[in-house]
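These notes concern the structure reproduced below.
Chain identifiers are assigned alphabetically (A, B, ...) following the order of the sequence lines, protein sequences preceding nucleic acid strands; residue numbering begins at 1 within each chain.
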There are 2 protein chains.
Amino acid sequence: MTCSSPGRPTSPDAPDACLPARVARSALAVDGAGRNNWKFHQWFTEYRVRDSSLVRRIPLNELAGWRFEDGTGNLVHDTGRFFSIQGLRVRTGQGPVHDWSQPIIVQPEVGILGILVKEFDGVLHCLMQAKMEPGNRNGIQLSPTVQATRSNYTGVHGGRPVPYLEYFRDPSSRQVLADVLHSEQGSWFHRKRNRNMIVEATEDVELLDGFYWLTIGQLHALLAEDDLVNMDARTVLSCLPFADPLSGDRGALHTTGHLRSWINDARVRREVDATLTGLGEVRGWHRSTDLIAHESGLFFDVMAVDVRTGSREVGGWTQPMIEARDTGIVAFLVKRVNGVLHALVQLKAEPGFVDVVELAPTVQATPQNYKVLPAEAYPPFLDEVLGAPTDTIRFDSTLSEEGGRFFHTRSRYLIVEVAPDRDLAAHDDFRWVTMRQLPQLLCHSHYVNVQARSLIACLHSLMAGTELSD
Amino acid sequence: MTCSSPGRPTSPDAPDACLPARVARSALAVDGAGRNNWKFHQWFTEYRVRDSSLVRRIPLNELAGWRFEDGTGNLVHDTGRFFSIQGLRVRTGQGPVHDWSQPIIVQPEVGILGILVKEFDGVLHCLMQAKMEPGNRNGIQLSPTVQATRSNYTGVHGGRPVPYLEYFRDPSSRQVLADVLHSEQGSWFHRKRNRNMIVEATEDVELLDGFYWLTIGQLHALLAEDDLVNMDARTVLSCLPFADPLSGDRGALHTTGHLRSWINDARVRREVDATLTGLGEVRGWHRSTDLIAHESGLFFDVMAVDVRTGSREVGGWTQPMIEARDTGIVAFLVKRVNGVLHALVQLKAEPGFVDVVELAPTVQATPQNYKVLPAEAYPPFLDEVLGAPTDTIRFDSTLSEEGGRFFHTRSRYLIVEVAPDRDLAAHDDFRWVTMRQLPQLLCHSHYVNVQARSLIACLHSLMAGTELSD
């Protein structure tokens with residue numbers, strides 16, 4: 001099946017052979033429909049200025065509607081909804097640290113992260129939202145059309161209905177460009193997943209206050225700006241069907257079958273036993289009036305905020321959050337082999353994953369944490385990324401983690417190009433994969449972690465669809 | 001990428017465009033290398049006659065090395081290994097029964113189900129084993145080359161090494177035709193998965209006693225015989241790459257993207273809370289000296305056997321097993337639309353699944369159980385399958401469930417062809433899928449349940465690869 005004349009398919013359930021070409025065309029469009037990037041920035045700045053929300057750190061004991069549960073010590077909401085902070089005991093047969101416990105966020109509900117797309121003048125545009133999240137250090141960032149927990153969209157908050165949610169509630173009647181349940185941070189969430197969706201509208205769509213249509217090319221340009229495109233937007237953008245799924249393993253160093261086999265092997269061999277416990281049982285962590293912190297002063301804190309805002313579904317609330325102590329490094333090494341770009345992925349076990357391991361970036365680490373960890377825990381390739389010559393750095397932005405749960409928690413996202421003959425010596429947990437193979441894995445659950453998905457969105461932004469759609 | 005001249009690829013990690021053609025050629029070969037089916041039967045009968053194993057029902061309290069654990073009442077092995085029988089409490093927001101508890105097998109280890117294949121005279125052959133399992137009503141059935149729990153292959157049993165295991169321990173150096181972690185019965189196992197593997201040998205392979213090379217065509221013919229090809233062999237055979245993965249959604253009523261979206265929707269909407277409890281806490285089940293049974297006398301029993309054999313790794317042992325009270329019905333309705341065969345799959349939630357729902361056959365039910373269940377629980381299409389005119393029944397064999405855990409537990413596997421215009425009225429939990437789409441889902445975890453996989457192997461046996469490889 002090939003794309004003869006790019007255009008929308010005739011029915012919602014017909015295959016769309018032209019989809020990669022339509023995505024690529026939008027990626028090449030660096031100005032949106034009648035509005036250039038300068039106009040976007042003007043609009044966005046206006047929102048940031050208008051934002052009257054106020055987020056304050058508060059001591060844990062000033063949380064309203066939240067309590068430490070008797071017996072378990074878990075931090076829970078009085079209604080039993082939203083999320084809770086519990087303990088996790090991890091035992092693993094591999095790696096330098098075999099046994100630890102930690103606080104972890106438990107949120108069994110699957111939220112929706114949805115981007116509505118629509119063609120204007122034959123070019124796909126994404127409907128993006130200027131959204132305040134309490135964890136954002138700069139208040140408002142650019143988020144998907146819909147970013148809603150189940151509590152949000154079923155009205156537990158008692159807030160206003162979620163705008164545009166109706167496009168994502170009954171996808172069977174619509175053209176769905178992507179729909180996949182993806183993991184979130186497996187070090188901070190227990191088995192959390194969100195439904196990443198991209199849905200196309202063909203009818204007129206009312207443009208509400210706080211929303212803006214942007215081409216994929218415009219979004220790609222914005223990804224290069226620090227703390228602008230939020231994590232939820234990045235993970236959904238990574239699911240855009242850039243590559244023709246039928247182009248398969250063209251030019252790849254390994255077949256996708258080989259990669260799946262390699263992943264299965266790790267799932268079977270690695271023994272990770274992660275069991276929820278009471279938050280009161282975690283060892284090495286101390287709870288004060290203000291926060292819960294690791295005795296080393298490293299890793300992350302559990303803290304609390306008070307939020308006052310006029311621009312959200314609910315006027316104000318308090319909530320616990322996770323605050324990482326330091327900025328993480330998230331990086332891909334990439335190289336061209338026979339003209340095909342490959343990224344170096346690693347198999348990473350995170351205790352909150354549903355299925356033991358997922359593909360992660362070449363480096364995903366917070367350098368400061370290794371001060372208290374055994375030397376053999378020091379991440380391969382970290383020094384290479386941090387010491388990369390400037391002319392090999394293709395991408396370098398500091399981006400925020402999800403602002404609904406993580407407070408001022410950021411990572412520096414890097415893409416570093418290495419020589420084509422760069423090999424990996426004895427690193428069996430690493431493989432080179434192409435940008436055509438990743439989409440084949442990205443349309444299924446449990447393969448690609450959220451940090452890798454963010455980086456894939458950034459990597460797409462460098463390619464402008466050119467290599468992928470040929 | 002197309003297959004110009006079918007043959008083996010040049011390196012283990014090279015893509016094999018000719019694989020579907022090679023599989024189809026073997027499916028068309030109804031005689032094996034120099035040996036016809038009559039010779040196979042002669043060989044196999046000899047093994048059945050020679051089999052000196054003796055399996056006896058024993059009361060639960062005669063189990064040696066097993067005990068009911070204090071406190072939980074769980075039935076566990078003294079070593080803490082192998083498997084245990086615990087309780088499961090299930091609460092669900094959907095369906096006619098919202099809340100129940102039951103015994104369930106807990107076996108966290110991932111076993112290997114592996115078929116070694118090799119070309120003789122240019123035709124792929126599968127190395128199959130005549131294997132005694134205590135649950136088999138007829139002792140020996142035909143099993144994969146390797147069928148080993150982790151306890152088996154790491155030597156916990158203290159038995160002999162597992163033959164041919166080395167071909168499956170380091171798949172990265174070999175041509176891997178299939179490698180996927182698949183679920184087992186989600187009603188009887190808690191989150192159990194096995195690694196389904198098909199690995200090709202290019203070197204000479206020593207033929208050990210108890211093993212036999214068969215073409216796929218020969219195996220297909222044997223699938224039509226009652227209680228011959230065991231469940232583990234069927235699930236591995238279902239993973240054979242019959243269809244070119246690049247043939248995609250050709251002729252399909254729904255795109256694979258639509259199917260994935262439909263599955264995700266169910267995963268998000270259906271609320272299934274399945275929590276392990278002590279076996280002593282299950283309500284409605286009674287433990288006697290002999291067995292644990294449901295108060296209705298329906299569903300299944302937990303019972304025990306004593307096994308004496310000279311032909312297995314270990315000479316003798318006792319173990320608990322599950323015995324279904326009645327024979328299940330497992331059936332696909334199939335129809336041809338525009339010349340393309342479609343099978344009707346349903347989304348089924350089984351409490352032991354890792355990811356809420358998987359695709360199941362049109363009918364998967366034990367009719368007797370509905371005597372005590374509400375009328376609205378009665379399975380759609382069950383009466384249609386049971387009353388199907390003889391000339392519409394394409395397949396009808398009674399096959400055994402896995403003989404290592406299930407005692408004399410069988411299902412009648414049926415494939416019934418209906419008219420092309422047969423629609424589904426209001427059954428949103430059902431969809432027609434093609435035999436090209438199923439392989440796309442079968443190479444990933446969490447999509448297709450074990451009963452559907454068995455039926456897919458049976459369905460392949462009707463097609464002899466002809467429609468799939470065109």
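- Taking OH from Tyr447(A) and OG from Ser445(B), the interatomic distance works out to 6.0 Å, rounded to the nearest 0.5 Å.
- For the options Ala252(A), Ser261(A), Pro108(A), heavy-atom pairs under 4.5 Å to chain B are most numerous at Ser261(A).
- In this structure Arg260(A) satisfies the salt bridge (charged side-chain N to carboxylate O under 4.0 Å, His left out) test with no other residue, sequence neighbours excluded.
- Centroid-to-centroid, the aromatic rings of His444(B) and His446(A) stay 6.0 Å apart or farther.
- Note on Cys443(A), Ala178(A), Pro241(A): by heavy-atom pairs under 4.5 Å with chain B, the leading option is Cys443(A).
- With respect to the salt-bridge test (charged N to carboxylate O, under 4.0 angstrom), the residues Arg191(B) and Asp355(A) do not qualify.
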Trace of the side chain to side chain contact (heavy atoms under 4.5 Å, CB included) decision for Thr255(A) with Val176(B): CA-CA 10 Å; Thr255(A) 63; Val176(B) 176; over 6 Å; no
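- Nearest heavy atoms, Arg195(A) versus Val268(B): CD-CG2, 3.9 Å.
- With rounding to the nearest 0.5 Å, the separation of CZ in Arg269(A) from CZ in Arg169(B) is 5.5 Å.
- Under the 3.5 Å distance criterion, the side-chain polar atoms of Asn264(A) are matched with a main-chain donor or acceptor of Asp179(B).
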